[in-house]
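These notes concern the structure reproduced below.
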Amino acid sequence: VVHIPDAFTGQGIVQKIRLIADVTGTAARGECLVRAVEGDLAALDTLRSRIDQPLQVTFVLSFLSGRAQVAGRGTAADGIIRLSGAVNAISEYDGYKAINDEAIIAARPDFVLAMQQGAAPLDAGTVFAHPGFALTPAAARQAFLAMNGLYLLGFGPRTALAARDLAATLYPSLRVGKLPSETGAASVDACNG
Amino acid sequence: MTAASAEAASARRNWRVLLRSPAVVIGTLIAILIAVAIVAATIGAARIPLERLAAALGLTAGDANLIARDRLILWSIRLPRIALACIVGGLLAAAGTIMQGLFRNPLADPSLVGVASGGALAAAATIVLGDRLLAGTTVTLPFEILPVAAFAGSLASTVLLYRIATRDNRTSIAIFLLGGIAIAALAGAGVGLLVFVADDRQLRDITFWMLGSLGGATWSKTATVAPLLGITLIAIPFIARGLDLLVLGEAEAFHMGVEVERLKRIAIVLISAMTGAAVSLTGVIGFVGIVVPHLLRLVIGPGHRLLLPASVCLGAVLLLAADTGARILAAPAEVPIGILTAIVGAPFFLAVLLRQRSLAGL
């Protein structure tokens with residue numbers, strides 16, 4: 001039995017790939033994948049260095065009859081928000097918790113992020129009709145995005161792409177481009193060949 | 001008997017008379033409620049101190065910018081939540097009082113006797129199966145479906161119970177009580193099954209919902225339950241005497257002119273509507289329905305004409321105080337309110353029971 005540690009950082013993904021490749025006896029393909037992922041992460045680093053005013057982002061896990069559960073520290077959502085060059089607006093607690101309506105106002109998120117999941121997917125209209133979210137900077141711009149849950153929070157080889165997609169929505173003026181693995185230089189698929 | 005002890009006895013008598021006076025009891029409880037409401041209105045993640053509260057309510061003058069901001073937070077978040085806490089607390093306590101009177105059983109509580117469990121099962125089913133059945137389709141569920149389902153579930157379980165317990169137009173209270181416990185167990189098993197098939201997010205939603213919360217309160221939610229409280233208050237004079245006489249037994253009450261079957265029907269409809277409405281908006285909040293009538297009976301006696309309105313007031317005080325704790329104890333996160341009502345309510349209740357053991361004749 002091997003436990004794969006979950007660290008929601010770029011380095012965490014690389015370690016995860018190496019460990020899994022080691023224990024499954026596919027170290028060479030693993031290194032190939034690591035090179036591709038590291039190339040993407042480095043490009044993402046460059047992208048982040050161009051952001052001069054990081055946005056405050058809130059990740060809403062669920063929205064049960066008007067009660068929001070929001071990501072705090074140490075969550076995959078917190079990790080992806082950082083990778084995309086933003087700041088998690090909620091830093092007072094760990095994990096996903098039900099948040100006080102007034103605390104949402106106090107956190108002043110510029111952007112609300114959620115998962116596309118379930119039979120009652122969140123949309124901007126629902127979120128910003130909530131008395132707490134209605135009084136945030138995000139509501140003024142209707143700044144809301146729902147992304148595929150696994151893509152957004154999976155912390156695997158595609159995570160850099162998810163962070164890039166998120167950054168492209170958060171910072172449209174940056175004109176975010178393709179990452180190395182997408183241009184064919186170090187394709188993730190090439191490692192499976 | 002010495003003069004001093006006679007004096008003490010007469011003072012106790014006077015005290016007792018005072019505690020049976022509706023004006024004194026209700027007046028005191030409403031004063032406490034107002035005090036708790038003022039505290040609740042001044043604390044929260046966005047701080048609004050007392051002097052600014054007065055300004056935001058338009059009572060005094062102040063900085064216009066601050067007033068605008070305070071007013072927004074007060075009117076769109078804090079006041080609807082305070083109102084909802086008072087109404088739901090009042091409904092839960094009144095439902096518990098009526099239920100204990102109807103069943104002549106101090107253990108009766110809407111959350112114990114199947115009514116709330118039916119709502120909980122319907123809510124859990126909506127959370128888990130709603131996702132599952134509609135997976136891959138483009139159909140989306142509106143967000144209002146959860147409270148509607150919970151209300152329907154509560155009513156459905158009460159109707160089922162009523163039909164089980166009624167034969168030849170006579171409702172057996174014993175069967176209603178025991179059947180309720182069976183239905184609660186069945187609903188519990190159903191929720192367990194749903195938990196078993198739920199994914200992480202659904203599991204989180206179910207657990208959270210089961211512990212209750214007043215988060216996301218709005219005026220429209222408050223407006224949907226407020227009429228129920230009004231109906232309950234209007235119904236009190238009509239059911240109070242019947243519930244009092246029911247203590248003697250159903251046959252005895254009937255001979256004293258109480259239309260027992262009609263009383264039962266009214267009481268059951270009231271209980272299920274009140275509990276269903278409370279459960280649908282705030283999830284399952286236990287202990288208010290059982291602790292409030294007990295405490296009051298020990299202090300003001302068992303007469304329902306005073307006990308019922310007093311229960312509404314004390315239920316409101318208790319839930320508002322608990323909700324204020326839920327908002328601030330782990331800020332900015334929220335503690336589920338069901339935890340607080342039990343943590344504070346249960347030991348307090350036990351202490352009162354032990355101290356009053358001989359007095360209450362338990």
Side-chain angles (χ1 to χ4, degrees), chain A residues 58-73 75-77 88-109 114-136 139 146 149-150 152-153, chain B residues 43-48 69 72-73 75-78 80-81 123 126-135 137 139-148 150 199-202 204-206 208-209 211 213-219 221 280-283 326-328 330-336:
Chain A
T58 297
F59 175 80
V60 178
L61 178 71
S62 86
F63 206 76
L64 195 63
S65 41
R67 300 192 281 269
Q69 295 202 47
V70 168
R73 288 178 310 235
T75 56
N88 186 356
I90 306 297
S91 57
E92 288 90 348
Y93 58 79
D94 294 311
Y96 299 94
K97 287 195 170 63
I99 191 169
N100 182 254
D101 297 339
E102 288 173 39
I104 297 170
I105 304 174
R108 299 185 56 79
M115 286 194 284
Q116 292 165 336
Q117 194 183 330
L122 269 182
D123 56 47
T126 311
V127 171
F128 296 128
H130 178 275
F133 283 104
L135 300 177
T136 60
L150 196 59
L152 184 67
L153 304 179
Chain B
I43 47 183
R47 288 188 51 78
I48 304 178
R69 169 192 161 279
L72 209 55
I73 288 172
W75 284 98
S76 68
I77 295 183
R78 228 174 266 181
R81 187 161 175 164
T126 312
I127 293 170
V128 177
L129 301 180
D131 277 3
R132 230 153 247 259
L133 295 178
L134 299 173
T137 69
V139 181
T140 57
L141 294 172
F143 274 86
E144 297 75 22
I145 192 85
L146 187 71
V148 172
D199 67 25
D200 276 4
R201 187 183 58 99
Q202 295 162 349
R204 201 175 266 282
D205 279 351
I206 294 176
F208 180 50
W209 197 84
L211 291 167
S213 165
L214 287 155
T218 57
W219 287 118
K221 283 186 188 178
S280 69
L281 286 185
T282 60
R327 287 199 286 129
I328 58 174
E334 282 204 5
V335 185

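The sequence lines fix the lettering, A, B, ..., with proteins before strands; numbering per chain opens at 1.
- For a residue to count as touching a neighbouring chain, one of its non-hydrogen atoms must lie under 4.5 Å from one of that chain's; by this rule I99(A) touches chain B with backbone and side chain alike.
- The pair R67(A)-E334(B) does not count as a salt bridge, with every side-chain nitrogen at least 4.0 angstrom from each carboxylate oxygen.
- For S280(B), no part lies under 4.5 angstrom from a heavy atom of chain A.
- Shortest non-hydrogen contact noted between R204(B) and Y96(A) is NH1-O, 3.0 Å.
- Using a 4.5 Å cut-off between heavy atoms, A331(B) does not touch chain A at all.
- For R73(A), the CZ atom counts as densely surrounded, since its 6.0 Å shell holds more than 12 non-hydrogen atoms of other residues, nucleotides or ligands.
- With rounding to the nearest 0.5 Å, the separation of CG in D101(A) from CD1 in I73(B) is 11.0 Å.
- Highest contact tally toward chain A, considering only G216(B), P332(B), G283(B), G44(B), is held by P332(B) [criterion: heavy-atom pairs under 4.5 Å].
- The shortest distance between side-chain heavy atoms of I105(A) and I77(B) falls below 4.5 Å.
- Residues A333(B) and K97(A) come closest through the heavy atom pair CB-CD, 3.7 Å.
- Of the atoms belonging to S213(B), heavy atoms from both backbone and side chain fall under 4.5 Å from chain A.
- For a residue to count as touching a neighbouring chain, one of its non-hydrogen atoms must lie under 4.5 Å from one of that chain's; by this rule L281(B) touches chain A with the backbone only.
- The candidate with the highest count of non-hydrogen atom pairs below 4.5 Å against chain B, out of Q69(A), E92(A), H130(A), is Q69(A).
- With a threshold of 4.5 angstrom between heavy atoms, A217(B) approaches chain A through N, CA, C or O but not through any side-chain atom.
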